[in-house]
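A short write-up of the structure that comes next.
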Amino acid sequence: QVQLAESGGGLAQAGASLRLSCAASGCTFTTYTMGWFRQAPGKEREFVAAIPKSGEYTYYADSVKGRFTISRDNAKNTVSLQMNSLKPEDTAVYYCAGKNGAVYYRDVMYDYWGQGTLVTVSS
């Protein structure tokens, strides 16, 4: 049974940094594309970033490009999201997700999800 567990959320001021981590278990992590999504209050869940199994490339939503960095450690079965220059509009529940195969931006293409971690950015 695949399990994804996020950690690292919390309260931050605008301009600060936070690092989210996601630990995977019960799967062959090295075969999975991993992604981060977020859902703000009253809004639909949206793509944030993704990284294929090789880690050779990374993909970002325009809203976070240049501020967020996704990375993975296949030896530790973890994927991380370094979030710099945080803005109040980054406030959301952040979800880690995994899938076999290629990177997709749509959340419905991901098979496995964590429980989410709340990030709140104050102005």
Side-chain angles (χ1 to χ4, degrees):
Q1 182 177 356
V2 178
Q3 291 189 326
L4 302 176
E6 303 96 338
S7 60
L11 178 64
Q13 289 191 328
S17 298
L18 282 175
R19 185 177 181 87
L20 305 183
S21 293
C22 173
S25 60
C27 65
T28 308
F29 182 77
T30 53
T31 67
Y32 279 56
T33 283
M34 299 301 296
W36 286 96
F37 291 78
R38 68 186 182 185
Q39 187 167 20
K43 295 187 177 182
E44 293 186 351
R45 189 161 55 188
E46 64 176 2
F47 171 80
V48 174
I51 186 167
K53 60 183 181 181
S54 68
E56 187 175 4
Y57 301 101
T58 54
Y59 303 82
Y60 299 96
D62 288 342
S63 58
V64 306
K65 201 171 294 183
R67 299 188 298 121
F68 290 11
T69 302
I70 188 172
S71 60
R72 65 189 297 157
D73 186 335
N74 285 344
K76 296 182 178 179
N77 286 8
T78 59
V79 60
S80 298
L81 186 69
Q82 177 66 40
M83 305 186 295
N84 298 331
S85 302
L86 284 163
K87 303 176 181 180
E89 51 263 44
D90 294 320
T91 294
V93 176
Y94 283 72
Y95 297 91
C96 171
K99 66 178 296 296
N100 280 303
V103 170
Y104 280 93
Y105 297 167
R106 295 180 61 198
D107 57 354
V108 295
M109 301 302 294
Y110 287 75
D111 300 309
Y112 306 104
W113 292 85
Q115 80 286 352
T117 186
L118 177 63
V119 172
T120 303
V121 183
S122 62
S123 58

Sole candidate of Y94, Y105, Y110 that passes ring-ring contact (aromatic ring centres under 6.0 Å, His included) when paired with F37: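 So, applying the ring-ring contact (aromatic ring centres under 6.0 Å, His included) to F37 and each of Y94, Y105, Y110, only Y110 qualifies.
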Partner residues of A61 under the side-chain contact (heavy atoms from CB on, under 4.5 Å) criterion, sequence neighbours left out: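 With neighbours one apart ignored, the set is F47, S63, V64.
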Tell me every residue that passes side-chain contact (heavy atoms from CB on, under 4.5 Å) with N84, counting only those two or more places apart in sequence or in another chain.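 With neighbours one apart ignored, the set is S17, Q82.
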Same cluster or not: are V2 and V79 linked, directly or through other Ile, Leu, Val, Met, Phe, Trp or Tyr residues, by side-chain heavy atoms under 4.5 angstrom apart?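 Yes, V2 and V79 fall within the same hydrophobic cluster.
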Could you tell me the separation between the [atom1] atom of [X] and the [atom2] atom of [Y], rounded to the nearest 0.5 Å?
| X | Y | atom1 | atom2 | result |
| --- | --- | --- | --- | --- |
| L81 | T117 | CG | OG1 | 11.0 Å |
| F68 | D90 | CZ | CG | 4.0 Å |
| Q13 | L86 | CD | CG | 11.0 Å |
| K99 | T31 | NZ | OG1 | 10.5 Å |
| D73 | T78 | CG | OG1 | 4.5 Å |

Begin with the C-alpha distance, continue with both residues' side-chain angles, and end with the deciding distance and a verdict on side chain to side chain contact (heavy atoms under 4.5 Å, CB included) for L4 and M34. CA-CA 10 Å; L4 302 176; M34 299 301 296; 4.0 Å; yes
Could K65 and D62 be called an ion pair, given the rule that one side-chain N must be under 4.0 Å from one carboxylate O?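 A salt bridge links K65 with D62.
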Disulfide (SG to SG under 2.5 Å): pairs with one or both residues in residues 38-123, sequence neighbours excluded: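 Non-adjacent pairs meeting disulfide (SG to SG under 2.5 Å): C22-C96.
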Check: [X] side chain, [Y] main-chain N or O, donor-acceptor pair, under 3.5 Å:
| X | Y | result |
| --- | --- | --- |
| R38 | V119 | no |
| N74 | K53 | yes |
| T91 | V121 | yes |

For Y32 against G98, the heavy-atom pair lying closest together: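 Of all heavy-atom pairs spanning Y32 and G98, the closest is CD2-C, 4.0 Å.
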Closest contact, heavy atoms only, E6 versus G114: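 Of all heavy-atom pairs spanning E6 and G114, the closest is OE2-CA, 3.2 Å.
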